[in-house]
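Report on the following structure.
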Amino acid sequence: MRVRDSWGYLLVVGLVLLATVTGSVVVAKREVRFRKVVLDREFRSEGVAVADVNRDGRMDVLAGFLWYEAPTWRPHEIAPLVQYDAAGNYSDTFIDFADDLNRDGWPDLIRIDWPGRDPVFWHENPKGKPGPWPAHRIADNACNESPVHAAIAGAGTARRLVFSLNDEQMVWLEPESDPTMPFRIHPISGKFARADSMKAGVNRYSHGLGYGDIDMDGIPDLVIVGGYWKGPKDPRSGPWSFVKANLGQDAAQMHIYDVDGDGVNDVISSSAHKVGLWWHRQTRGSDGAASFSETLIDDSVTQTHGLELADINGDGLKDIVTGKRYWAHGPKGDLNPDAPAVINWYELKREGKQVRWIRHEIDNDSGIGTQFVVADINGDRRLDVISSNKQGVRILFQEK
């Protein structure tokens, strides 16, 4: 055998040895590369957002009471800073969304505090002026640990907030004509008794919420682990009707996507505090009734309390991005709290009617919070990952 042929053979053998099978996921050598930039090593927030805060044409990062100015990532205060103990405490920010709520052309910050306990505020961008950003009350509280920020079908193109209120009712909210006033509340569900609130997904500590077209009628629905509220033509005509379904255990963000390409949307979910990443295949009987079958994707990462879906490698299929929420309940809570704080992306492959997921490690010393962002933050047409948690704030830039 010639030397060149020998090297080729060894390369093939090496690649085969690098691939192992875990459940339905293939673990493979990383092909898409990322470069980590740490913006802050302090615990600031469990959520993060991106927006061009100062309108200089560059995307900045917002995490809790700070925003980091690109490209040097110099921090600026949104509100007076609070020091948090990562081992024994939580931050005042679990979820961050960026949105121009007063339509003045400057992005503002929606900050969701402790689930169910504290009011939800939006912080008004001061348009380059110094000092704290004015804070305006949106609602008395936000329940369910994975609030949605999406355009509600039939209510215009602007994104709206979806969560539950007072441990009893799922709602969506929109600004009044004066956006500095508390937002208008539209019911999605009826009101549940406290004993039923967890099962109904409306308790402050309920896990799992997503927005997408489950029943394939062209109108997105609101999904929880126990089923979905069917989106009506007029979303203000609540409450919406509920359809029961078994969509797994307590989850984080839930994503609705046609995983296997059969023309029917499926559901992707992860375990917020235990272990597991799944997709739930939807099939429909001759009578049109839906059923879901659960397939494990990976069971190697615990506390996957944040989940995003995006086409990481540009092949036209959406991939999963998730990771470990570092110390979700401190250094002794949950399963394997001190395991490496990984962020992974799972490459979707369709092979005929079969689905395969290839796990790629982005980083093993970052992790996620309760919510993170996948976006092209530097304008190179490649998606990056931005996260904030008890290990700080960082950007994982996808390299060319």
Side-chain angles (χ1 to χ4, degrees), residues 95 97-99 110 112 139 142-165 169-175 183-190 200-202 206-248 251-270 278-284 288-292 306-311 317-321 348 371 373-375:
I95 305 286
F97 297 125
D99 199 352
I110 298 170
I112 298 179
C143 301
N144 192 300
E145 293 199 20
S146 300
V148 168
H149 187 221
I152 301 298
T157 59
R159 290 172 293 173
R160 307 301 186 195
L161 288 168
V162 184
F163 47 72
S164 54
L165 278 173
Q169 185 177 31
M170 194 68 70
V171 301
W172 68 274
L173 304 93
E174 64 179 332
F183 284 18
R184 189 180 313 162
I185 297 168
H186 300 284
I188 291 176
S189 76
V202 300
S206 290
H207 287 77
L209 199 61
Y211 185 65
D213 187 6
I214 280 284
D215 56 8
M216 307 303 295
D217 66 351
I219 303 174
D221 313 294
L222 187 69
V223 181
I224 61 173
V225 295
Y228 60 93
W229 282 279
K230 180 178 171 60
K233 291 182 179 179
D234 179 5
R236 298 180 178 86
S237 63
W240 306 1
S241 61
F242 188 75
V243 179
K244 291 184 178 180
N246 182 5
L247 295 172
Q253 290 80 14
M254 302 175 73
H255 290 273
I256 294 81
Y257 181 62
D258 183 4
V259 171
D260 53 1
D262 66 352
V264 179
N265 282 335
D266 312 297
V267 179
I268 300 170
S269 66
S270 64
W278 307 273
W279 73 282
H280 309 266
R281 182 173 184 263
Q282 180 179 186
T283 55
R284 292 191 168 264
S291 61
F292 295 86
L307 181 70
E308 291 298 328
L309 196 65
D311 183 4
L317 299 179
K318 290 188 178 181
D319 311 298
I320 296 171
V321 184
L348 173 59
Q371 166 257 338
V373 173
V374 178

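All figures in this text were calculated on a predicted structure; none of them were measured in a lab. We number each residue from 1, following the sequence as shown.
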Just so I know, are the side chains of N265 and M216 near enough to count as touching, which here means a heavy-atom distance under 4.5 Å?
yes

For S269 and H280, work out which heavy atoms get closest and say how close.
OG-NE2, 2.9 Å

Rounded at 0.5 Å granularity, tell me how far CH2 in W278 sits from CD1 in I320.
11.5 Å

Once ring-ring contact (aromatic ring centres under 6.0 Å, His included) is applied, what residue pairs with a partner in residues 225-244 remain, sequence neighbours excluded?
W229-F242

Please report the shortest heavy-atom distance between S146 and Q253, naming the atom on each side.
OG-N, 3.6 Å

Which residues satisfy the side chain to side chain donor-acceptor pair (under 3.5 Å) test with R160, sequence neighbours excluded?
none

How close do A290 and Q282 get, heavy atom to heavy atom, and via which atoms?
CB-OE1, 3.3 Å

Inter-residue atom distance I110.CD1 - I95.CD1, 0.5 Å rounding:
11.5 Å

Using every non-hydrogen atom in the two residues, find where F163 and A139 come nearest and quote the distance to one decimal.
CZ-CB, 4.3 Å

Which distance, rounded to the nearest 0.5 Å, do you find between the CH2 of W172 and the CZ of R184?
8.0 Å

Looking at H149 and D99, what are the two nearest heavy atoms and their distance?
NE2-OD2, 3.2 Å

Looking at S241 and K230, would you say the former's side chain and the latter's main chain have a donor-acceptor pair under 3.5 Å?
no

Any donor-acceptor pair under 3.5 Å linking the side chain of R159 with the backbone of A98?
yes

Of all the heavy-atom pairs spanning L307 and I268, show the shortest one and how long it is.
CD2-O, 3.7 Å

